[in-house]
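Okay, so here's the structure we're looking at.
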Amino acid sequence: MRKPMTTLITSGALALGSANTPAVSADAKFGPSNAFYAPSTLPFHAPPFDKIKDEDYQPAIEAGMAEELSEIQAIADNPAPATFENTLVAMEKTGRLLQRATAAFGAVTGANTNPLLQKVRTEEAPKQAAHHDAIYLNAKLFARVAAVYQRRATLQLDGESARLLEVTYDNFVRSGANLSEADKTELKKLNEEISTLSNRFSTKLLDATKDGAYVSTDKSALAGLSDAQITAAAHAAESRKQEGYVLPLQNTTQQPDLASLRVRATREAIFEKSWNRAERGDANDTRDDIARLAQLRARRAQLLGYPSHAAWKLGDQMAKTPEAALKFMDALVPGASAKAASEAKDIQEVIDTQKGGFTVQPWDWDFYSEQVRKAKYDLDESAVKPYFELNNVLENGVFYAANQLYGITFQERKDIPVYEPDVRVFEVSNADGRPLALFYCDYFKRDNKQGGAWMGSFVEQSKLIGTLPAVYNVANFPKPAPSQPALISFTDVTTMFHEFGHALHGMFSNTEYPSLSGTATARDFVEFPSQFNEHWALYPSVFAHYAKHYRTGTPMPADLVGKIKNASRFNQGYKLTELVAAAQLDMQWHTLPAGTPLQQPDAFEKQALEKTHLLLSAVPPRYRSSYFSHIWGSGYSAGYYAYLWSEMLDDDAYEWFEEHGGLTRANGERFRAMVLSRGNTEELAKMYAAWRGKNPSVEPMMKYRGLQ
Ligand SMILES: [Zn+2]
């Protein structure tokens with residue numbers, strides 16, 4: 001699964017700004033010499049990276065918060081009765097300076113950071129969070145929003161404006177703006193306690209994971225690892241001042257080394273360390289914390305008027321209710337577990353052929369499935385890479401598919417300033433020649449870049465503000481030596497299509513209001529355009545257009561293409577089952593109603609998996625409750641299903657294309673008009689169904705995963 005798009009930039013009128021921050025001293029440092037002082041005069045309001053100095057960011061962000069604060073306060077204090085125009089539209093217009101500064105800042109701290117920028121980020125993060133809270137608890141402002149909302153039936157707003165009113169009002173209510181003073185006090189206390197417990201969980205888990213490392217002084221226990229891996233294990237021991245070899249734990253249940261470790265007892269020991277890392281009954285045991293967290297979250301949901309934490313969290317998602325997410329996951333289980341069972345059978349055959357004399361266990365899975373993979377699916381990376389030269393993939397693959405579908409064209413612009421010389425900029429035009437957007441790409445790995453791949457925006461499209469989008473893609477592909485071609489793997493090719501799918505979602509945006517623009521959609525929807533765009537990488541006419549040998553220009557031989565397609569089906573039963581099991585654990589914990597007694601996590605987990613038909617001896621959940629950091633330590637509570645939900649959408653959408661003639665301009669235009677340009681301007685389930693002609697179904701997803 002690809003890393004979800006990193007939201008580097010929080011923008012929109014309300015994202016940042018607060019009543020708490022004093023009119024900062026930074027004002028003194030903020031003046032016309034600061035590159036953010038005035039809006040950019042470059043094409044598309046592109047950030048003037050030739051003028052921006054690292055020292056400009058902090059004063060601009062602080063002045064931007066102060067500016068937005070006074071703009072927001074002026075709206076709240078307006079003596080005229082609240083109207084849609086003087087309240088909702090006015091709020092959309094606030095915070096322009098802050099938007100300029102944080103957009104550029106988000107990009108450079110992600111892709112080109114340094115100690116000064118990191119220091120600024122550390123200092124500004126809590127201030128920005130406090131700003132957000134303070135705005136949503138500004139009673140005067142909320143009273144005006146609520147007054148407009150109460151009159152919504154009489155206002156005759158257009159669809160997008162009605163949506164803005166609903167989303168804005170909903171955001172206030174979901175943050176507790178509607179509560180009595182006593183309830184607000186309890187809410188703040190609950191928020192504080194939840195945040196403390198969540199931090200404590202993260203701290204414990206970090207230590208538990210470190211302590212959970214496998215340690216051995218016996219080199220023979222590591223048989224199967226490469227020399228480089230063994231050297232790394234010796235270095236890991238040295239840096240911990242321990243004898244022998246150390247294999248640190250990864251955050252998932254399965255550990256990568258299990259695929260190559262030949263000694264079964266070693267595998268079992270590592271698995272045990274992983275599975276019980278946070279259940280040792282010591283200071284790092286997280287079980288009491290998660291049980292309490294589940295209880296507190298249920299109480300908070302009740303206070304806010306919802307039957308469970310999941311109901312509260314899903315209220316503004318495409319799925320809308322926990323029931324819809326549960327029903328979706330239930331539909332995946334039979335196909336996924338049946339396929340996992342057949343994979344287990346293949347593995348058992350290998351074990352039996354080798355006279356192993358045991359039944360496959362979780363710690364055996366990757367070791368034997370790797371042998372199955374080699375026999376059935378082997379794909380030699382060095383044989384395929386010469387057909388994937390990066391620039392060729394970009395221009396004759398990624399851009400070509402978008403041109404064929406949407407008619408857009410790309411012209412490189414060397415005159416737009418960039419933050420690093422490797423970054424390239426393209427002006428994107430509509431089929432009729434009208435300008436559409438700027439697209440930046442920054443593909444090569446650097447030491448000052450975060451890992452993974454993501455998309456972000458320098459400028460968001462908005463008709464109200466009068467802006468066209470300027471978006472970027474970042475990745476971490478190996479940079480070739482000077483004058484050598486950049487040859488990438490098919491996984492990297494897929495990443496390029498994926499991130500460009502996010503970019504299209506940003507570039508095609510055609511909305512009035514900035515807070516509803518582009519990728520500002522629900523978590524269970526935002527990965528849909530990106531995952532959908534991955535499908536074109538293997539589409540025959542697109543693939544044939546870019547997959548050519550970098551030296552000879554010959555197309556990739558058919559048997560290699562077949563191997564690439566085949567490899568994507570490997571081990572899918574296991575992979576889907578472990579994901580659904582984790583997503584189910586998340587949802588089961590977070591559909592507990594308020595007032596439920598404190599749960600005993602092991603018993604609860606076992607029961608939850610049993611109830612959902614996912615208690616499988618050889619296929620454990622991807623994360624166990626006690627080390628499921630997405631749901632206890634970061635923002636993914638009741639949200640882990642979203643990865644799978646987006647996958648359902650992208651496969652279901654691709655099936656619509658297949659049913660309607662595949663890659664054609666007409667199909668692309670319709671998708672652009674009804675989905676990609678719409679941002680969050682309509683309820684997402686309705687928007688999708690209107691385009692698709694029906695609600696999404698899981699069958700295409702099962703088909704593309706090879707599970708049907
Ligand atoms: Zn993504």
Side-chain angles (χ1 to χ4, degrees), residues 1-11 103 106-107 110-111 252 317-319 393-394 397-399 401-402 405 437 439-443 445 449-458 460 469-477 488-509 517-538 568 575-576 579 582-583 622 630 634-636 639-654 671-672 675-680 684 688 696 701 704-705:
M1 178 154 303
R2 212 152 302 291
K3 183 184 165 191
M5 184 189 64
T6 311
T7 312
L8 288 166
I9 300 151
T10 32
S11 113
T252 47
Q317 298 293 297
M318 181 177 170
V393 173
L394 179 66
V398 174
F399 288 174
L405 281 163
F439 172 69
Y440 296 64
C441 50
D442 179 5
Y443 287 130
K445 188 172 174 54
K449 194 191 264 191
Q450 284 177 18
W454 62 91
M455 168 270 187
S457 301
F458 290 123
E460 276 159 341
V471 308
Y472 56 86
N473 279 174
V474 181
N476 273 282
F477 306 144
I488 60 176
S489 68
F490 186 67
T491 305
D492 292 344
V493 171
T494 310
T495 299
M496 287 174 73
F497 276 88
H498 177 99
E499 297 307 334
F500 196 72
H502 286 307
L504 287 172
H505 198 193
M507 294 194 292
F508 284 152
S509 181
S517 173
T519 55
T521 61
R523 190 168 49 195
D524 59 5
F525 187 85
V526 77
E527 291 300 318
F528 155 45
S530 53
Q531 292 178 174
F532 168 76
N533 203 53
E534 291 179 26
H535 284 277
W536 304 114
L538 273 175
S568 70
K575 286 184 188 164
L576 183 57
L579 283 172
R622 189 171 169 82
H630 292 75
S634 56
Y636 263 74
Y640 199 70
Y641 80 96
Y643 291 109
L644 294 165
W645 184 274
S646 297
E647 184 180 332
M648 163 177 73
L649 297 179
D650 83 69
D651 289 333
D652 187 69
Y654 185 70
F671 187 55
R672 173 179 172 175
V675 179
L676 291 180
S677 64
R678 303 287 314 280
N680 191 29
L684 297 166
Y688 186 88
M701 170 176 173
Y704 292 116
R705 278 205 180 229

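One-based numbering, in listed order, for ligands and for the atoms of each.
- The aromatic rings of Phe500 and Phe439 sit perpendicular to each other, their planes meeting at more than 60°, with 30° as the lower class boundary.
- Ring-plane geometry between Phe477 and Tyr443 is classed as parallel, the angle between the planes falling under 30 degrees on a 0 to 90 degree scale with a further cut at 60.
- Nearest N, O or S atom of His502 to the Zn ion (ligand 1): atom NE2.
- Atom CG of residue Leu676 and atom OG1 of residue Thr519 lie 11.5 Å apart, to the nearest 0.5 angstrom.
- Of all N/O/S atoms in His498, NE2 sits nearest the Zn ion (ligand 1).
- For Asp492, there are no salt bridge (charged side-chain N to carboxylate O under 4.0 Å, His left out) partners two or more places apart in sequence or in a different chain.
- Within the coordination shell of the Zn ion (ligand 1), defined by N, O or S atoms under 2.8 Å, Glu527 is present.
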